[in-house]
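Down below is the structure, laid out as structure tokens.
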Amino acid sequence: MDAFAPASVTAVFAPDQVESGSRGASVALEDGVTVTVENADETAVSVDGEPAEFEPVERVLDRLGVAAAVDVRPQVPLGAGFGASGAATLATALATNERFGLDHARDELVEHSHEAEVAAGTGLGDVFIQDAGGLLYNVGDGRQRVETDEPVEYVSYGGLSTADALADEELMDQVREEGGAVLDALPDPPTLRAVIERSWPFARALDLPTERVVDDVARVEEAGGAATMAMLGETVVAVDCEGVLANRTRVSTEGARLL
């Protein structure tokens, strides 16, 4: 059984004090992750056919009470700010539910996926964006969705450890302060460009962008677009430009789904 979940890029976030959720603004992308779930005596996960450790996928299978063989096929880099672990986990939950006839409601599968991600330290809210598609934002009064399918360009040079960042209390305190100020100032509803433009100073305030990220953002801005760094990865995402960054996709208007 195959399922797909879109990648998601978080431009700005502000974790809750309990660190099990967050406010933020994120966008789902048409590039994403496909998984195949098959019966197995013991759970085994592979990435593009090669055996791999994939804790949140293993955790969601445990939560669903099944053993399965899962092959994860990402179109985006793993661990680079695209929410690929969340996409793989949510797609696994959908495919497992169908394959084994578990009869869980979709919101139950999303919650199981979210809790598996939080427990693994790989994300705080990606699966909610990947469930809905579009541009999602939460400034403190619940998730809101903006329907858009505009083009997005991106380039990635690698990952930053989400688990390490989320465990860094000093950094997270700064993220709450800086990210909260950005979210409080967002227009309602925001455009994707408004989110990206306002999130770039947020990334700079945290001293996260590398020289390559800074250079790419400058190139996008020179071309009339807006760009920022994905949270968390050495990855640049941009709108309102064409041919500036290496990859081009669109905002996904669909959420995760069976194939």
Side-chain angles (χ1 to χ4, degrees), residues 6-16 19-29 31-33 56 76-87 89 114 117-118 120-130 134-140 143 152-186 190 192-210 212-214 216-217 220 226-239 245 247 249 251:
S8 62
V9 172
T10 295
V12 58
F13 71 111
D16 295 337
E19 296 190 358
S20 63
S22 65
R23 297 192 296 151
S26 307
V27 63
L29 303 180
D31 292 358
V33 178
V76 293
L78 297 174
F82 292 98
S85 63
T89 303
H114 170 63
E117 268 247 280
V118 171
T122 50
L124 284 178
D126 293 320
V127 299
F128 298 115
I129 295 93
Q130 295 156 347
L135 168 64
L136 266 70
Y137 66 102
N138 180 355
V139 296
R143 284 184 294 275
V152 175
E153 292 198 353
Y154 67 87
V155 65
S156 182
Y157 302 106
L160 300 173
S161 173
T162 299
D164 288 349
L166 295 179
D168 185 333
E169 292 184 9
E170 185 176 345
L171 175 60
M172 286 300 103
D173 285 343
Q174 189 179 9
V175 168
R176 285 188 194 95
E177 181 179 350
E178 300 286 351
V182 172
L183 293 166
D184 290 343
L186 276 182
L192 183 53
R193 178 163 185 143
V195 168
I196 287 177
E197 284 180 331
R198 287 162 172 79
S199 69
W200 178 232
F202 163 73
R204 296 295 294 268
L206 300 176
D207 198 28
L208 291 175
T210 62
R212 291 183 291 196
V213 168
V214 172
D216 282 340
V217 171
V220 170
T228 193
M229 175 183 169
M231 298 288 132
L232 290 156
E234 195 183 0
T235 294
V236 180
V237 291
V239 293
L245 302 181
N247 304 282
T249 185
V251 178

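At least one side-chain heavy atom of Leu245 sits less than 4.5 Å from a side-chain heavy atom of Asp216. Using a 4.5 Å heavy-atom cutoff, the side chains of Val217 and Thr228 are not in contact. Within the 4.5 Å cutoff, side-chain heavy atoms of Pro77 are placed close to those of Phe82.
Taking CE of Met231 as the reference point, atom OG of Ser199 lies at 7.0 Å (rounded to 0.5 Å). In this structure, Leu186 CG and Arg198 CZ are separated by 6.5 Å, a value rounded to the nearest 0.5 Å. For the atom pair CD (Glu234) and CE (Met229), the distance works out to 7.5 Å, reported to the nearest 0.5 Å.
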Exercise for review: Might you work through the side chain to side chain contact (heavy atoms under 4.5 Å, CB included) test for Asn138 and Phe128, ending with a clear yes or no?
Suggested key: CA-CA 11 Å; Asn138 180 355; Phe128 298 115; over 6 Å; no
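In this structure, Phe202 and Phe13 have perpendicular ring planes: the angle between them is above 60°, well past the 30° mark.
Judged as a side chain to side chain contact (heavy atoms under 4.5 Å, CB included), and not counting sequence neighbours, the contacts of Ala230 are Val9, Thr235. Applying the side chain to side chain contact (heavy atoms under 4.5 Å, CB included) criterion to Glu177, with sequence neighbours excluded, gives no partner residue. Residues satisfying the side chain to side chain contact (heavy atoms under 4.5 Å, CB included) criterion with Ala181, sequence neighbours excluded, are absent altogether.
When every heavy atom of Leu29 is checked against every heavy atom of Pro6, the shortest pair comes out as O-CB, 3.0 Å. Of all heavy-atom pairs between Ser26 and Ile129, the closest is CB-CG1, 3.5 Å. When all heavy atoms are compared, the tightest approach of Ala11 to Val195 is CB-CG1, 3.7 Å. The heavy-atom pair separating Gly179 from Val12 by the smallest distance is CA-CG2, 3.9 Å. The two residues Val76 and Ala84 come nearest to each other via the heavy atoms CG2-CB, 4.2 Å. Leu135 and Pro190 make their closest contact through CD2-O, 3.8 Å (heavy atoms, listed as atom of the first residue, atom of the second, distance).
A donor-acceptor contact under 3.5 angstrom links the side chains of Glu117 and Thr122, judged on distance only.
Looking only at distances, a side-chain donor or acceptor of Arg23 sits under 3.5 Å from a matching main-chain atom of Val139. Under the 3.5 Å distance criterion, the side-chain polar atoms of Gln174 are matched with a main-chain donor or acceptor of Ala205. Under a 3.5 Å cut-off, the side chain of Gln130 and the backbone N or O of Gly83 do form a donor-acceptor pair.
Under a cutoff of 6.0 Å and an axis angle of 45°, Arg143 and Tyr137 do not form a cation-pi pair.
If you run side chain to side chain contact (heavy atoms under 4.5 Å, CB included) between Val152 and each of Val239, Asp31, Asn247, Ile196, only Val239 comes through.
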